[in-house]
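Working notes for the structure below.
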Amino acid sequence: MVEDMKVALVSNRGPVSFVQTSDGFDKKRGAGGLAGALDPVARRLGENAIWISAATSEADRKALVAGEAEGLSDLLGYPVHMLDIEPETYGRYYDVVSNRMLWFANHCLWDELDIREFGQHELDAWDEAYEPVNERFAHAAADYADPDSLVLFQDYHLATAPRYLRGLHPDQTIFHFTHSSFCGPEGLERLPRPLPRRVIEGMLGADLVGFHVPDWANGFLDCCERIGAKVDRSAASVQHLGRRSWVRAYPIPIDAAELQERARDQVAESWRERFLADQTEGGPSKRHVIVRADRTEPSKNIIRGFEAFGTVLDRRPDLAATTRFIACLYPSRQSMPEYRRYSEAIERVVGEVQARHPGSIELFMHDDYDRTLAALRIYDVLLVNPIMDGMNLVSKEGPVVNEVGGVLVLSRGAGSFDELGGHAVEISDALDVDATGEALERALDMDPAEKARRAAALRATAAARRPADWIDPQLEDLSEIQAGREPVTEPPHGP
Ligand code: G6P
């Protein structure tokens, strides 16, 4: 029984972020797919779980010192342990290595962001911050998890922690899951030596290495081969330094029922009414709505999405008269220059399209989950055009809350393309602005019967699997491995 298993979840960002207010601290749910996916898992396991994460901001650190973290387990229903990492070290581990070097490697963003080389600054950040922080997470896992607990390290921030924990507790059952894409040698080998090897050997400290989809798992296996590990492709297992690790894909689903309920609550409802009123104000003019909802993140390819929209309006006066674009974005990782520049560039391209087509784009640049859900309820077209994306939960969330038979426009780089691509309008090359414009146009012009058929198929597919279908196989596979057997989940199919 999964509920009886003892599990330590270990991730950089935890379930809650603190926000300082004039009279104390508010709590916000942790940003991004990872925190949202793990919270229901931890709730289900209750006292059998512990979640180890870092204080990720100044407000988090102050809240820790003020003892605010102690009340978290009552609020959440499971224990949380937050690591207080010295801010300068944290910045080098998070900004310089995790979100710059490793995120860009996993999404192969080197040419997109014109990043040519790394120097001593980055190598020092690896040695003096990334490795020590990973070692600290491993020590915390060793201290807080029982010897028979399953330890689940999450994401690229903690690529080398499995190997450190293996050194401390050789018999612990260890998992590493990557929530982003994993591009493979083309992305990883642009990092200076010895980092590509360190990343792979760090992850291979785990007994089981998980990804959302087979493409990312195969990218990892390619990297294993490049460091000379013995890879058995048919079993998807890797033999290295006297140990064996298994590699599996576990595609993450959404909680459709919970989402549908939240999307209908009062706050979301008033946003929906406001969007619909805007639509009909002064006559039934802007009746077609394109929506996107993303962190301001280069891999999401937001700028090309607006450029493509602009090209459609330029050549189709009929659509220019009837279509508007609601973009629910929220700034992310603003301590990094690449992300600040990206946010500025978004504002710039929106300004350019608006100058040609006034009133065509409504841009929101801060997080409001209810507003996003309301926009998802009313889209005629949902644009999801990442260059590369681990899964992309919005492409699943949209179809289950949408109420008007909206069309999904989806690029091949989204992990969800495997599951949803057959019912979406495909963008085969996310870097191609004209092709993206044509896909938007096809979606806007689609006949109602075809739209309805596709929307129903998308909704059924996105709602078919439940959160338990993601975590339970992981835990079952780990239990098998703990008992000296092979994982039950089938190996991911080849490229
Ligand atoms: C992605 C990553 C997560 C991360 C989230 C938000 O989903 O896979 O690990 O937490 O983005 O990014 P942030 O840098 O704000 O934690």
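Please read these numbers as outputs of a predicted model, since none were measured by experiment. Whatever order the structure lists them in is the order used to number ligands and atoms, beginning at 1. Starting from 1, each residue takes its place in the sequence as its number.
- E347 has its side chain out of reach of E344: every pair of non-hydrogen atoms, C-beta onward, lies at least 4.5 Å apart.
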* To do: Could you give me the CA-CA distance, side-chain angles and deciding distance for F118 and L123, then say whether side chain to side chain contact (heavy atoms under 4.5 Å, CB included) is met?
  => CA-CA 8 Å; F118 291 111; L123 286 169; over 6 Å; no

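- Residue contact check: H179 has heavy atoms under 4.0 Å from atoms 8 (O) of ligand 1.
- Looking from atom 7 (O) of ligand 1 to the surrounding protein, the closest heavy atom is G33 N, 3.8 Å.
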Without placing hydrogens or testing angles, list every side-chain donor-acceptor pair under 3.5 Å for residues 73-82, not counting sequence neighbours.
residue	atom	partner	partner atom	Å
Y78	OH	D39	OD1	2.6
H81	ND1	Y144	OH	3.3

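- At under 3.5 Å, a nitrogen or oxygen of R333, whether backbone or side chain, sits near a nitrogen or oxygen of ligand 1.
- Below 4.0 Å from some heavy atom of N99 lie the following atoms of ligand 1, by number and element: 14 (O).
- Side-chain contact annotation: Y93 with N12, donor-acceptor N/O pair under 3.5 Å present.
- Ligand 1 lies out of reach of E297, whose nearest heavy atom is not under 4.0 Å from it.
- Looking from atom 16 (O) of ligand 1 to the surrounding protein, the closest heavy atom is R13 NE, 2.7 Å.
- Cation-pi geometry between R29 and Y369 is met: under 6.0 angstrom from the ring centre, within 45 degrees of the axis.
- Side-chain contact of T89 with E128: a donor-acceptor pair under 3.5 Å is absent, judged by distance alone.
- Taking S332 as the reference, R295 meet the side chain to side chain donor-acceptor pair (under 3.5 Å) condition, with sequence neighbours excluded.
- For atom 3 (C) of ligand 1, the closest heavy atom belonging to the protein is D155 OD2, 3.3 Å.
- In Q154, neither the side chain nor the backbone holds a heavy atom less than 4.0 Å from any atom of ligand 1.
- Atoms of ligand 1 lying under 4.0 Å from at least one heavy atom of H157, given by number and element, are 9 (O).
- If you number the atoms of ligand 1 from 1 as listed, the ones under 4.0 Å from a heavy atom of Y94 come out as 13 (P), 14 (O), 15 (O), 16 (O).
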